[in-house]
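Read the numbers this way: they start at 1 and go in the same order the structure lists the ligands and their atoms. We number each residue from 1, following the sequence as shown. Computed from a prediction, not measured in an experiment: that's the story for all the values here.
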Amino acid sequence: MDTHISEELIEKLRRAKSVAALTGAGISAESGVPTFRGDEGLWKKFSPEELANFDAFMRNPDMVWEWYNYRRKIIEEVQPNPGHLALSKLEEMIPSFVVITQNVDNLHQRAGSKNVVELHGNILRNRCLSCGRIIESETLDFSEGVPRCPYCGGMLRPDVVWFGEMLPEEALQKAYRAAETCDVFMVLGTSAVVYPAASLPEIAFRQGAFIVEINPEVTPVTDFAHVSLRGKTGEILPKIIEAFSK
Ligand code: BV8
Ligand code: ZN
């Protein structure tokens, strides 16, 4: 189990002008947010096809909302963990640092990260299917089944990206640009199987970035990562900050 933080890794970070970090559900696991494919994974009880797609929503909006209410409640009760906090610290220490997240849990922002690209949306926002307005969750009452738009009465959906749906163009372009120009690309707590997010590490690798992965398990990125640390982001990232600050 390689968790050794090499001098080479710290040196690469010290010399880097721009660093990008792609995060997945794994970075929020230590906060108590279930991952998608882990043992307590969200998908264990529900299959993505069933829930995270528009057709499923139109077929049974109550069931999909019940699922997002369940996840939002967990997310509102947990705290960012040392992994999130370390990334917000790294943002202060490196000239250009961006977090590119697949997570919809808002925990990077709550940990103080400013430059966050949300590839798959945010569970604390909702979108009206009729007028398209974005409505913050805290203003809504979710106790009466499918929430309605306070402006036009239209049906609301979570402002997240479902399978088969395009990612927000601006976020996607920012992510591609970061992968194409960064000196170091970190891959943190993701199984790297969902596209186009999973294409970013390879784009960074091809343009010569130093690829650093942290994950207790091997992923498709492990093959080409320059450093792949088998461990938890909440334990390893604070150690990287410590070594970096020496
Ligand atoms: C699209 C938001 C255009 C909603 C999500 C190319 C090839 C094959 C398929 C496709 C392709 N292009 C498009 C597709 C289809 C599809 C796709 O990729 N399917 C996969 C399943 C093969 N992609 C799409 O549909 C995308 N849209 O492409 O539109 C288009 C349209 C039609 C047809 C073609 C193209 C939209 C994808 C976005 C879907 N929305 N989430 C919601 O959250 O409810 S995806 C969701 O699942 C997450 O956001 C994330 O992206 C993914 C889960 O992955 P992870 O976050 O990595 O979580 P996971 O549990 O899998 O892994 C956790 C990891 O952490 C593990 O490795 C574990 O070991 C590790 N870990 C655990 N604890 C820790 C840890 N690591 C560190 N520390 C710890 N403590
Ligand atoms: Zn509306």
Side-chain angles (χ1 to χ4, degrees), residues 3 21-44 46-57 64-65 67-72 75 81-84 86 100-106 118-123 125-135 140 147-169 171-172 175 186-202 213-222 228-238:
T3 59
L22 174 69
T23 66
I27 199 166
S28 296
E30 292 153 273
S31 295
V33 180
T35 64
F36 288 78
R37 287 172 178 73
D39 301 341
E40 293 313 303
L42 285 162
W43 296 140
K44 283 287 166 292
F46 321 94
S47 74
E49 282 65 44
E50 260 178 85
L51 288 154
N53 68 69
F54 190 73
D55 307 344
F57 180 71
V64 172
W65 264 114
W67 188 52
Y68 279 96
N69 291 344
Y70 156 79
R71 293 173 60 190
R72 197 185 51 258
I75 284 164
N81 67 62
H84 299 107
I100 302 165
T101 191
Q102 300 166 80
N103 302 342
V104 297
D105 60 26
N106 209 47
E118 294 179 320
L119 284 180
H120 296 163
N122 187 310
I123 203 170
R125 290 193 309 265
N126 310 278
R127 196 164 72 239
C128 174
L129 292 183
S130 311
C131 71
R133 282 189 179 87
I134 297 292
I135 319 284
L140 292 171
R148 292 279 159 178
C149 172
Y151 297 91
C152 76
M155 193 152 72
L156 295 179
R157 60 162 285 173
D159 186 28
V160 298
V161 179
W162 282 330
F163 286 93
E165 293 184 332
M166 297 307 283
L167 276 57
E169 195 49 32
L172 193 53
M186 308 178 86
V187 186
L188 309 172
T190 183
S191 57
V193 295
V194 171
Y195 285 77
S199 68
L200 295 168
E202 208 154 334
E213 178 182 46
I214 304 177
N215 193 315
E217 292 170 11
V218 168
T219 76
V221 172
T222 310
S228 188
L229 303 174
R230 286 285 79 68
K232 298 181 172 185
T233 43
E235 293 165 7
I236 295 178
L237 285 171

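Set against the non-hydrogen atoms of Glu30, the atoms of ligand 1 under 4.0 Å away are 78 (N), 79 (C), 80 (N). Close contacts between ligand 1 and Ala29 involve ligand atoms 73 (N) [criterion: under 4.0 Å to a heavy atom]. Below 4.0 Å from some heavy atom of Pro216 lie the following atoms of ligand 1, by number and element: 71 (N), 74 (C), 75 (C), 76 (N), 77 (C). Within the listing of ligand 1, atoms 4 (C), 42 (C), 44 (O) sit less than 4.0 angstrom from a heavy atom of Tyr68. Within ligand 1, counting atoms from 1 as listed, the ones closer than 4.0 Å to a heavy atom of Glu217 are 69 (O). Near Gln102, with a cut-off below 4.0 Å to any heavy atom, the atoms of ligand 1 are 48 (C), 49 (O), 50 (C), 51 (O). The Gly24 neighbourhood of ligand 1 comprises atoms 56 (O), with distances under 4.0 Å to a heavy atom of that residue. Here is the list of ligand 1 atoms found below 4.0 Å of a heavy atom in Thr35: 60 (O).
Relative to atom 66 (C) of ligand 1, the option among Leu51, Asn215, Leu237 with the closest non-hydrogen atom is Asn215. Across Thr190, Val193, Asn122, Thr23, heavy-atom proximity to atom 20 (C) of ligand 1 is greatest for Val193. In the candidate list Glu235, Glu165, Lys232, Glu165 is nearest to atom 29 (O) of ligand 1, counting heavy atoms.
Considering backbone and side-chain N/O atoms, Val161 comes within less than 3.5 Å of an N/O atom of ligand 1. The shortest N/O to N/O separation between Ile27 and ligand 1 does not fall below 3.5 Å. Taking any N or O of Asn103, backbone or side chain, none lies under 3.5 Å from an N or O belonging to ligand 1. Remark: ligand 1 and Ser191 share an N or O pair separated by less than 3.5 Å (distance only, no angle test). Taking only nitrogen or oxygen atoms, main chain and side chain alike, Gly234 does not reach within less than 3.5 Å of ligand 1. Considering backbone and side-chain N/O atoms, Tyr195 comes within less than 3.5 Å of an N/O atom of ligand 1.
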Show your working on salt bridge (Lys or Arg N to Asp or Glu O under 4.0 Å) between Glu165 and Arg157 and close with a plain yes or no.
CA-CA 13 Å; Glu165 293 184 332; Arg157 60 162 285 173; 2.8 Å; yes

Could you walk me through whether Val218 and Arg230 pass side-chain contact (heavy atoms from CB on, under 4.5 Å), step by step?
CA-CA 8 Å; Val218 168; Arg230 286 285 79 68; 4.3 Å; yes

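With hydrogens and angles ignored, the 3.5 Å screen pairs a side-chain donor or acceptor of Trp65 with a backbone N or O of Leu156. Glu30 places no side-chain N or O within donor-acceptor distance of the main-chain N or O of Asn81, the cut-off being under 3.5 Å. The backbone N or O of Gly121 lies less than 3.5 Å from no partner atom in the side chain of Asp159, so there is not a single donor-acceptor pair.
For the pair Cys149/Cys131, a side-chain contact is recorded, criterion being any heavy-atom separation below 4.5 Å from C-beta on. Using a 4.5 Å heavy-atom threshold, the side chains of Glu118 and Asn106 count as touching. Between Asn103 and His120, every side-chain heavy-atom pair lies at or beyond the 4.5 Å cut-off. At a threshold of 4.5 Å between non-hydrogen side-chain atoms, the residues Gln102 and Leu22 count as touching. For the pair Asn215 and Val221, the minimum side-chain heavy-atom distance is 4.5 Å or more. At a threshold of 4.5 Å between non-hydrogen side-chain atoms, the residues Met155 and Phe57 count as touching. The closest side-chain heavy-atom distance from Met186 to Thr23 is not below 4.5 Å. Pro82 is not listed as a side-chain neighbour of Leu237, based on a closest heavy-atom distance of 4.5 Å or more.
With a heavy-atom cut-off of 4.0 Å, Leu188 does not touch ligand 1 at all. With a heavy-atom cut-off of 4.0 Å, Arg71 touches ligand 1 through its side chain alone.
Taking each heavy atom of Trp162 and Ala52 in turn, the nearest pair found is CB-O, 3.2 Å.
Inside a sphere of radius 2.8 Å centred on the Zn ion (ligand 2), the protein N/O/S atoms present are Cys128 SG, Cys131 SG, Cys149 SG, Cys152 SG.
If you take CD1 on Ile27 and OG1 on Thr233, they are separated by 4.5 Å, rounding to the nearest 0.5 Å. Atoms CD1 and CD, from Ile214 and Glu235 in turn, are 10.5 Å apart once rounded to the nearest 0.5 Å.
For Gly164, the heavy-atom gap to ligand 1 drops under 4.0 angstrom.
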